[in-house]
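First the structure, in the form of structure tokens, and then the observations on it.
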Amino acid sequence: MPRSRRSRSSSASRADPPGAIVAAPLARVRYMLRTLIEELPGKLGEQVTVRGWVNALRDQKRVQFVIVRDETGMAQAVLGKDEQPSELNEAISALTAESAVTLTGTVVGDERVKLGGLELKIDSLLVDSLAEPELPIAEDSALDKRMDWRYLDLRRPDRRLIFEVQTRIEQAMREFWRAEGFIELHSPKLMGSASESGAELFHVDYFDRDAYLAQSPQFYKQMAMSAGFGKVFEIGPVFRANPSFTSRHDTEFTSVDMELSWIDSHEDVMAVEERWLAHVLGAVAESHGEAIRETFGTEVIVPTVPFPRVTLAEAKEMLSAAGHDVPDAGHDLDPPSERALSALIAERHGHEFCFVTDYPAAVRAFYHMRHEDDPALTKSFDLLWRGIELTTGAQREHRYERLVAQASERGVEVDSIQYYLDFFRYGAPPHGGFGFGLTRLLMMMLAQENVREVTFLYRGPHRLTP
RNA sequence: GGGGGCGUAGCUCAGCAGGUUAGAGCGCUGCCCUGUCACGGCAGAGGUCGCGGGUUCGAGUCCCGUCGCUCCCGCCA
């Protein structure tokens, strides 16, 4: 929980806030009089105004309790009731769970109160918005129903923690990039042609012609290499028209992409990625590790560097030797194999991460660079964490003729991507990079079973609302 | 796209060798309860059992179709 919020009690409200527009007499800006619930322990004896939602109402013969919840916690508010209930008593009796209310009262310590040992003696109540009496979802409702009523679902404190962690993750990523001289890109999401396979593209009408939603910033971050940017990153939406029905796919998700110039091999890319992730997990462990343990019952373990590395061929040998069924040569690992490999690496190396390298050219994108001594293999890698694929990366082919040859060989329509191929005609540095699934990282970090849990508003083959 | 599972009250579920008026917990409504804190007590409302068709004297229960949801595989991040 953040502790740095400034108190906004009434005692501080008389002075004009910094930067307020004081010249407009009819629209005088003033501080909100709101006190956050996490601030109440420091306000004993003071009259404060708390604004939030009715978490529970216990309306008894002689005393009424309102449990009020805001984004920082919950507190009990109390009001005595005489033989003849007051107007205020009647107003409290008329409250419903999840109504939005403004409660003003005096903060009083009371050992009897299990919720923080204090309560608010109610002086006044403003019902900002009365909730309808029966809510469409409960805590134990099915995921799909919770998605229908996502804003109610998200009111729960553990859901909020997901997005506080996500915010910290992105902040830590940028800390790293900024310290290492990366430039941030915002590449277009509307494209005139496919950037990779084409099969998974969403088509949109674009005036009098066709356009597509970007399924990756791949081509544009490579263009930035030819532009001499050196090191770039982007955090942004990507769109995939896959009819995928699993717990870890969606049709729109947040992709984290990096690309680096002047590398010697894909090894340089992995070396940056593992340091970057160690920084991110370290930051999250420090700021939210305890809350994650308490709320989700899982530990954020800061990885040591370097991460274990195995080639795809070695991985299959390891799995076979351990008695697992493994896909044939020439194929990628299937999800059960990925989980088994992560388990083996954890057991033998005590590490949650694993780079799998040297994928066959046949299962990788045409722009992946081939090994000089074995052109059937690419200078590529996947990164597994706790059994799930977080990343695909590679050194890219930056030599024009070879790139064109590889595209043709793979049946890519060269004409439609000529603009991309042109990036490599006027001096392109050796480069590589990777794409990284932010929602997958969050899902595994918080021990959630579905990306929908960690996506603000999920988009899938059958869901376009809310 | 292939395979498995599931659709019964606002929510979570039970019911099924097919047999009168379909149940529970939570929630909701009303009454009662001097401090609750998963408050407690009493009473009550609420369901054409996803939809359509079939078998049968009789279908929530069996069969077929259909729609929706879900998980796994494929695809990938």
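Chain letters run A, B, ... following the sequence lines, proteins first, then strands; residues in each count from 1.
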Looking across every strand, which nucleic acid part, if any, lies under 4.0 Å from [X] by heavy atom: base, sugar-phosphate, or nothing?
X      : value
A:L438 : nothing
A:R463 : nothing
A:D334 : sugar-phosphate
A:E252 : nothing
A:N450 : sugar-phosphate
A:F436 : nothing
A:R339 : sugar-phosphate

Exercise. How would you list, by chain and number, every residue that makes a ring pair (Phe, Tyr, Trp, His ring centres under 6.0 Å) with A:W385, sequence neighbours excluded?
Worked result: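 Applying ring pair (Phe, Tyr, Trp, His ring centres under 6.0 Å) to A:W385 gives A:F353.
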Problem set entry | A:Y420 ring center near A:F219 ring center (under 6.0 Å) |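 That pair passes the under 6.0 Å test.
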Exercise. Ring centroid separation for A:F434 and A:W276, is it under 6.0 angstrom?
Worked result: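 Yes, ring centres under 6.0 Å apart.
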Given [options], identify the nucleotide with an atom nearest to the side chain of [X].
X      : options             : answer
A:T246 : B:G35, B:G74, B:C28 : B:G74
A:R62  : B:U34, B:C73, B:C28 : B:U34
A:E134 : B:G35, B:G10, B:C11 : B:G10
A:P335 : B:C71, B:C73, B:A38 : B:C73
A:D110 : B:G35, B:G27, B:U70 : B:G35
A:S141 : B:G35, B:A38, B:C11 : B:C11
A:A138 : B:U12, B:C11, B:G35 : B:C11
A:V78  : B:C69, B:C11, B:G35 : B:G35

Exercise. Between A:M173, A:R174, A:R178, A:K221, which is the residue that forms a side chain to side chain contact (heavy atoms under 4.5 Å, CB included) with A:F233?
Worked result: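 It is A:R174; the other options fail the test.
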Problem set entry | Minimum side-chain heavy-atom gap A:M147-A:L143 below 4.5 Å | yes
Counting only side-chain N and O atoms of [X], is one of them less than 4.0 Å from OP1 or OP2 of [N]?
X      : N     : answer
A:R440 : B:C76 : no
A:S247 : B:C72 : yes
A:R146 : B:C69 : no

For this session: Could you tell me whether the side-chain ring of A:F65 sits stacked on the base of B:G35, using a centroid cut-off under 5.5 Å and a plane angle under 30°?
Result: no
Exercise. Rounded to the nearest Å, what distance is computed from the NZ atom of residue A:K61 to the C1' atom of nucleotide B:G40?
Worked result: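 Going from A:K61 (NZ) to B:G40 (C1'), I get 15 Å.
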Exercise. For the pair made of CG in A:L464 and P in B:G68, what is the distance, rounded to whole Å?
Worked result: 14 Å
Exercise. In the 5'-to-3' direction, what one-character label does each nucleotide of nucleotides 1-8 of chain B receive under the scheme B = base within less than 4.0 Å of a protein heavy atom, S = sugar-phosphate only, - = no such atom?
Worked result: B-------
Exercise. Considering only heavy atoms and no angle criterion, is a donor-acceptor pair shorter than 3.5 Å present between the side chain of A:Q76 and the base of B:U36?
Worked result: yes
Exercise. What base-paired stems does RNA chain B take part in, with at least 3 consecutive Watson-Crick or G-U wobble pairs and both distances under 3.5 Å?
Worked result: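 Listed by first number, the stems are B:1-7 with B:67-73, B:10-13 with B:23-26, B:28-32 with B:40-44, B:50-54 with B:62-66.
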Exercise. Think A:R364 forms a cation-pi with A:Y359, using NZ or CZ under 6.0 Å from the six-ring centre and within 45 degrees of its axis?
Worked result: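 Verdict for A:Y359: a cation-pi partner in A:R364.
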Problem set entry | Most 5' of A:H462 and A:G437 on RNA chain B, judged by nearest nucleotide | A:H462
